[in-house]
Amino acid sequence: MSTAASCDVAVVGAGAAGLRAAAVAARAGASTVLVDAYEHPGGQYYRQPASTPHPPSPTQVEGRRLVEEAYAAGMRARTGTSVWDAAAGPGGRVTLWLTTGDRPSTLECGALVVATGAHERVAPFPGWTLPGVYTAGAVQALHKGHGVAVGERVLFAGSGPLPLVAAAGLLGTGARVVEVLEATRLARAGARHPWATATGLWRQGDRLREGLGSALRLRRAGTPMRTGWGIVRALGDDRVEGAVVARLDGDWRPVAGTERTVSCDAIATHYGLVPATELLRLLGAGIGHRPDLGGWVPAMGPFMATSVPGVFAAGDCTGIGGAGLSVLEGELAGLGAVAYALQRQQRPGRRRLAALRRERRFQRLYGTIFALRRGLAELATAETVVCRCEEVTRASVGAAIAAGARTASSIKAVTRCGMGPCQGRICLPAISQLTAAAGPPPEARAPLVPVPFEAVAPCG
Amino acid sequence: MSSTVEIEVDGRPVPARAGASVAAALLASGRVAWRTTASGRPRGVFCGIGVCHDCTATVDSVPAVRTCVTTVAPGMRVETDGGAS
């Protein structure tokens, strides 16, 4: 049943970093296979639908170019394919166990580039499990990729650039953006870190234009945008009917007396991104906790090498930094993988390293300005479900912590928090904020994604 | 104009834009929830990119399919367990 294949360089994840890694590796003469879970290469940022209800955005045009370049360089793509297990062998070769729909296969490679990106961070608040509460990214994906507006009156509340851009994207669809609430007081945060702001924004005109352009379009549409405000709870019985919002203090705690009710039929929430490190953790890569980079991230060496020989990593899964940084890291990791697999020395290139330094300054600024504050972890009340899959309440998690659980892993063992089909991707980042210390990263175990039984235990 | 395909949701025909996800088709048909949790609570789409597994349904007899990352196909049969709506 299972088919085996091998290549010089395998790349997992077809976003900005993975596409560049694959293109660079293939152009250098390595047989290169790009594995991606979605039907079309492009990832979340470039969002490549085969058919779209809208004219493609500049970002999508750029994404299409990167996809075409990678194919032209000779990369082969295995789309619709997920990695559910992986092992680094003694000879330095890496084996990936894959599933395409319900078809299992294996892929053995001389070097691996992990470019698995990130997913959104969400904070449990009362009512966040009601239908009609979405991540800001879901709202954007449903609109941009599938032509559906999630509601008629949509409230955006959270932190980071994505909610702003997603909200502006809804204008002109018939949906009304009722308010956009940003927990961070941006002007104050910028003024407090003038050096990081000035150096971080140096030569970032496109990004500024995207952010300011979104804000401008929302303002023209008459949408209230408030910084230092946030959601306190969602209202409704079986679906969203409104929300309670409040002014937040510097720690993101609601200021008493400022609460008010907003009428809406959909809520988009988002508190930055979480690096997707499951595959790296499964392979045993050294991981450290860096809140400024989004949480647990791999320790990185030259050419984006991880601590596991032959395993490289690039893009948001190594720390949230956006598409510009991902492209450069992907190229470096691709070169590193070629050097490792073909034993052929590569040069990083001076201009690439200069661009990398510029993007890292922006990454630092992003991490500084949009740092999470303590109040976020206090929104959930005792009966609020924190693990959506297993429906574990804040009270159960609190009891586990009171009984001595100190890490996300021990809370998971006691409460089942993070044992559902999402494998803790949604709840564990929030859980780790409830514990005093970050502790070691939660263990990653195969299968990383649900797989048919036959893939794990082939008959015959 | 993009073309339309017809899928079947819980035995009823539902039009969907070709290339759209099953979740998008369900939302466009006016539903916000189509799964019921163990405790009886309704769920629909949440993350929209295949991470959270909230939006699952049985698609062409395969259970627990993530509808947000599954593209509609003509004649596709989607069975939900209600979602309390």
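Every chain is numbered from 1, with letters handed out A, B, ... down the list of sequences.
- When all heavy atoms of L130(A) and R41(B) are compared, the closest pair comes out as CD2-NH2, 3.8 Å.
- With values rounded to the nearest 0.5 angstrom, I49(B) atom CD1 is found 8.0 Å from R47(A) atom CZ.
- When heavy atoms are compared at a cutoff of 4.5 Å, V122(A) approaches chain B solely by way of its side chain, counted from C-beta outward.
- Among G50(B), C52(B), C68(B), the residue with the largest count of heavy-atom pairs under 4.5 Å with chain A is C52(B).
- For the atom pair C389(A) SG and D54(B) CG, the distance stands at 7.0 Å (nearest 0.5 Å).
- Residue contact with chain A, scored on non-hydrogen atoms closer than 4.5 Å, is absent for T56(B).
- Closest heavy-atom contact between D238(A) and P42(B): O-CG, 3.8 Å.
- Taking each heavy atom of A141(A) and G48(B) in turn, the nearest pair found is CB-O, 4.3 Å.
- Options R425(A), E391(A), Q423(A) differ in how many heavy-atom pairs under 4.5 Å they form with chain B, and the most are formed by E391(A).
- R281(A) CZ: more than 12 foreign heavy atoms inside a 6.0 Å radius.
- Minimum interatomic distance between F46(B) and V133(A) (heavy atoms only, all atoms of both residues): CD1-O, 3.2 Å.
- Taking each heavy atom of L27(B) and Y134(A) in turn, the nearest pair found is CD2-OH, 3.5 Å.
- Heavy atoms only, all atoms of each residue included: E120(A) and C47(B) are closest at OE1-O, 4.3 Å.
- Interface check for chain A: of the options A25(B), S39(B), G44(B), A38(B), the most heavy-atom pairs under 4.5 Å are formed by S39(B).
- Atom CD in E39(A) sits 10.0 Å away from atom OG in S21(B) (nearest 0.5 Å).
- Of the listed residues G132(A), A266(A), A268(A), P421(A), the one with more heavy-atom pairs under 4.5 angstrom with chain B than any other is P421(A).
- The local environment of CD in E152(A) is sparse, with at most 12 non-hydrogen atoms from other residues, nucleotides or ligands closer than 6.0 Å.
- Among the candidates H119(A), R388(A), Q44(A), the residue making the largest number of heavy-atom pairs closer than 4.5 Å to chain B is R388(A).
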